[in-house]
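Contents: one structure, followed by commentary.
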2 protein chains.
Amino acid sequence: MTAENIIWKDRFADRARRMNASEIRELLKLLDQPDIISFAGGIPDPALFPAVAIGEAYRSILSDPVRAAQALQYSVSEGYLPLRRWIAGHMAERGVPCDERNIMITAGSQQGLDFIGKLFLSRGDTALVTAPTYLGALQAFNPYEPHYDTLMPEGGNRTPESYRDQAAARGGRVGLAYLVADFANPSGETVSLVAREGLLDLADALGTVVVEDAAYSALRYDGVEVPALLALDVARSGGIERTRTLYCGTFSKTLAPALRVGWVCGASAVIAKLVLAKQAADLHCATINQMVMHQVAEGGFAAQVARNRDAYRERRDAMLAALARHMPEGVSWTRPEGGMFVWVTLPEAVDGAALLARSIEECRVAFVPGGAFYGEGRQDNKLRLSYSLSSPEQIEAGIGRLASLVARMVAGN
Amino acid sequence: MTAENIIWKDRFADRARRMNASEIRELLKLLDQPDIISFAGGIPDPALFPAVAIGEAYRSILSDPVRAAQALQYSVSEGYLPLRRWIAGHMAERGVPCDERNIMITAGSQQGLDFIGKLFLSRGDTALVTAPTYLGALQAFNPYEPHYDTLMPEGGNRTPESYRDQAAARGGRVGLAYLVADFANPSGETVSLVAREGLLDLADALGTVVVEDAAYSALRYDGVEVPALLALDVARSGGIERTRTLYCGTFSKTLAPALRVGWVCGASAVIAKLVLAKQAADLHCATINQMVMHQVAEGGFAAQVARNRDAYRERRDAMLAALARHMPEGVSWTRPEGGMFVWVTLPEAVDGAALLARSIEECRVAFVPGGAFYGEGRQDNKLRLSYSLSSPEQIEAGIGRLASLVARMVAGN
């Protein structure tokens with residue numbers, strides 16, 4: 001059999017092309033070139049990782065023979081009980097009273113999206129997503145072959161009937177509604193309280209689940225915290241067991257991504273189904289990493305989050321100031337209250353991908369063009385800029401160079 | 001929304017009941033009761049884990065700031081390059097010349113099965129599996145809604161046309177053929193060289209992939225090693241890029257399961273597709289665990305495997321001797337040359353699940369009844385016994401007690 005003869009499932013061949021993941025991967029490799037100022041990554045700064053505390057946790061667990069035997073052995077699919085209890089306490093602080101039965105540990109929040117897609121999306125169903133939306137969510141849902149329809153939480157949502165009719169016309173039902181409510185990837189925007197309530201109304205009317213991707217929620221730098229969709233759902237429905245929201249959390253942006261520890265919080269009946277999916281997919285998350293995350297979180301989660309906030313706030317401020325200082329007229333951008341991203345809208349004639357090609361060549365600045373971040377339709381005059389990995393000085397220099405190039409392109413040069 | 005109102009995908013509700021995973025989980029909890037002798041688990045003995053080497057690897061990686069930053073950061077979906085190269089060398093020793101492009105790191109071999117199901121099985125397709133087969137493979141494939149047809153590698157395989165026609169009659173095609181070729185879970189049996197070649201012939205005729213689950217392959221205690229299906233495929237097709245076999249390997253049974261590090265080895269074009277599935281599902285395996293596995297494997301994989309073989313060989317011998325000594329006439333069992341399992345056939349009138357209920361109650365011995373290990377049809381007069389976690393003395397005592405009960409049930413008491 002040669003590769004040409006393999007019968008792929010169409011979904012893989014087509015979706016992979018559409019999403020262009022390999023192009024984005026190529027882009028990320030530019031990070032390794034020292035003269036490139038990259039706003040592409042959107043990953044945490046390793047200088048902020050609590051490496052000492054993590055190392056001490058591995059050491060203490062593995063130097064105790066009883067704990068070492070547990071840490072290296074198979075364990076239950078729902079996750080390490082003390083960690084699930086710690087997370088339940090963390091969720092309670094976010095306005096979601098719950099216990100360990102409401103928590104399943106996943107390999108980052110990304111894996112929660114895969115399992116939720118597996119559980120709620122059949123071929124031909126419709127997933128509601130914002131425009132733009134997190135590329136990784138589209139990648140997680142795509143293998144289950146949904147159609148996409150567009151959520152417009154800030155007042156633009158269509159009627160439930162309209163979403164339902166559109167899904168039915170495409171041969172399925174609305175399987176889920178997905179969004180990053182706080183400091184979204186890629187837009188940086190936060191969904192308002194009113195819009196959150198409206199979204200829950202819509203989901204109630206459609207009888208669908210709401211998937212709340214909370215990857216960045218702990219990283220608020222200013223402004224007023226908006227309650228989590230799951231917290232609002234608990235408040236209106238009378239308890240977590242009656243909610244329809246699945247909250248996908250992670251330690252990737254607060255402690256460190258590479259231990260691959262995240263969670264889903266929701267009604268225990270849904271969690272029990274997701275545990276079956278977890279068991280079938282990879283049995284469980286690395287036992288030792290769950291024990292380490294528990295020890296590190298218990299020892300200083302709040303202090304670590306505060307440290308991250310201080311560092312990223314300074315970079316966000318530097319990027320917003322540089323954009324205001326350097327960008328020509330006709331360019332606009334979002335003003336994130338947290339997270340890692342600013343979403344830039346160029347004049348319509350300027351294509352983000354074309355800008356990137358020239359930017360790498362002429363001014364050695366990298367970013368992600370916006371076209372990939374759409375479930376249906378796409379807008380090509382958008383850029384995602386991340387400030388998480390750059391110093392204020394790099395941000396000032398990089399935005400200055402990028403703005404000059406934009407100005408030249410707007411002027412037709 | 002209450003749990004009753006959630007629209008599950010039918011596949012989850014139905015399959016979960018059929019597979020009875022929660023019953024098996026309950027069974028495994030019996031391990032915690034000290035007076036139970038359990039042959040149920042089928043998991044490695046934690047006393048054999050190289051905990052010191054693993055601890056030293058975590059320590060050395062995290063105490064070097066550059067390596068620590070890498071170990072705790074996001075990394076590529078295909079896996080840590082030095083580990084992929086080490087595994088490529090390991091595969092070459094198994095008769096599979098390949099390089100890192102032929103290796104993707106997965107969260108145990110289980111995750112390879114999930115991704116292969118995702119890539120090759122559409123709803124209504126047929127997966128060919130042995131009877132019995134690994135329960136976890138059925139769980140991994142079930143969400144993709146295949147039918148199952150039965151592989152009988154040792155001379156009983158039907159014609160390619162017969163498999164193809166049956167799959168077509170069920171509305172799909174043959175998507176894959178799956179087996180554990182060495183010391184299978186649950187049967188303990190090893191597929192012969194002739195049968196392996198026959199299986200590759202069948203797969204050639206059907207144009208389907210062969211999924212070789214090699215979870216136990218390193219644990220041979222005696223007898224002559226049979227070449228891996230992938231090695232035979234390479235030999236006949238002229239190189240790994242022309243093969244149709246996907247080899248799912250793991251460190252779970254040789255080093256330790258809880259770091260969740262396994263791999264898939266195959267043609268690079270297929271690996272590239274599986275990397276897209278990995279990226280969508282959970283981005284990548286824990287970076288730090290991959291680095292640790294690399295260091296531990298490089299430092300002493302062969303010695304660790306030899307240590308495991310010696311320990312498990314003694315237990316296998318004890319179990320086969322105890323079965324021969326104690327079991328009444330009319331009971332037969334397999335004689336594994338490696339791995340962790342013996343598969344027992346009771347007289348037809350004796351139901352394995354009924355035996356388990358009485359065994360727990362009357363003689364405090366646990367095992368897994370065989371009925372769950374079938375893709376279609378099922379045989380209920382079977383037991384899976386694992387010797388991996390018990391001492392020779394426990395094995396002698398437990399099999400003695402179990403055999404007495406079987407004798408009483410055969411006699412109608």
Side-chain angles (χ1 to χ4, degrees), chain A residues 1-3 5-9 12 16 21 43 46 49 51 54-55 58-59 62-63 68-69 71-75 107-108 110-111 114 118-120 122-123 136 139-140 142-143 207 237 241-244 256-260 267 269-270 273 276-277 279-283 285-289, chain B residues 1-3 5-9 12 16 21 43 46 49 51 54-55 58-59 62-63 68-69 71-75 107-108 110-111 114 118-120 122-123 136 139-140 142-143 207 237 241-244 256-260 267 269-270 273 276-277 279-283 285-289:
Chain A
M1 171 173 79
T2 58
N5 295 334
I6 297 172
I7 306 169
W8 308 112
K9 285 158 88 171
F12 265 81
I43 57 180
F49 296 154
I54 290 172
Y58 278 113
R59 193 203 59 72
L62 288 172
S63 61
L72 299 176
Q73 183 59 288
Y74 284 116
S75 57
Q110 183 73 28
Q111 192 177 46
D114 177 37
K118 198 179 263 190
L119 186 52
F120 290 104
S122 288
R123 184 176 186 162
Q139 291 176 320
N142 283 341
S237 64
E241 297 305 343
R242 300 181 60 84
T243 57
R244 62 172 66 258
L259 277 65
R260 308 307 298 131
V270 186
K273 292 284 181 185
L276 292 178
Q279 184 180 38
D282 64 3
L283 303 182
C285 286
T287 320
I288 187 166
N289 294 2
Chain B
M1 174 174 75
T2 59
N5 296 334
I6 297 171
I7 306 171
W8 308 112
K9 286 158 87 172
F12 264 80
I43 56 180
F49 295 153
I54 290 172
Y58 278 112
R59 193 204 58 74
L62 288 172
S63 61
L72 300 177
Q73 184 60 288
Y74 285 115
S75 57
Q110 184 72 29
Q111 192 177 46
D114 177 36
K118 198 179 265 191
L119 185 53
F120 290 104
S122 288
R123 183 176 189 163
Q139 292 176 318
N142 283 340
S237 65
E241 297 305 344
R242 299 181 59 83
T243 57
R244 61 174 65 259
L259 276 66
R260 309 307 299 131
V270 186
K273 291 284 181 184
L276 292 179
Q279 184 180 39
D282 65 2
L283 302 182
C285 287
T287 321
I288 186 167
N289 295 3

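Note that the structure is predicted; figures quoted are calculated from it, not measured. Protein chains get the first letters and strands the later ones, always in sequence-line order, with residue 1 at the start of each.
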* **Residue, of A:Leu259, A:Leu62, A:Asp282, that accumulates the most heavy atom pairs under 4.5 Å with chain B** => A:Asp282

* **Backbone N/O of B:Ala280 and side chain of A:Gln110: donor-acceptor pair under 3.5 Å** => yes

* **Backbone of A:Gln73 reached by a side-chain donor or acceptor of A:Thr287 within 3.5 Å** => yes

* **Which portion of A:Phe49 sits near chain B, non-hydrogen atoms under 4.5 angstrom** => side chain

* Asked: Highest number of heavy-atom pairs under 4.5 Å with chain B: which of A:Leu283, A:Leu72, A:Asn289?
  -> A:Leu72

* **side chain to side chain contact (heavy atoms under 4.5 Å, CB included) evaluation trace for B:Lys273 with B:Phe120** => CA-CA 11 Å; B:Lys273 291 284 181 184; B:Phe120 290 104; over 6 Å; no

* Out of A:Gly55, A:Gly108, A:Cys285, A:Ala281, which one racks up the most heavy-atom pairs below 4.5 Å with chain B? -> A:Ala281

* Asked: So A:Lys118 and B:Asp114, side chain to side chain contact (heavy atoms under 4.5 Å, CB included) or not? Walk me through it.
  -> CA-CA 11 Å; A:Lys118 198 179 263 190; B:Asp114 177 36; 2.9 Å; yes

* **Residue B:Tyr74 versus chain A: region with a heavy atom under 4.5 Å** => both

* What do the steps show when you test B:Arg59 against A:Arg59 for side chain to side chain contact (heavy atoms under 4.5 Å, CB included), and what is the final call? -> CA-CA 7 Å; B:Arg59 193 204 58 74; A:Arg59 193 203 59 72; 5.6 Å; no

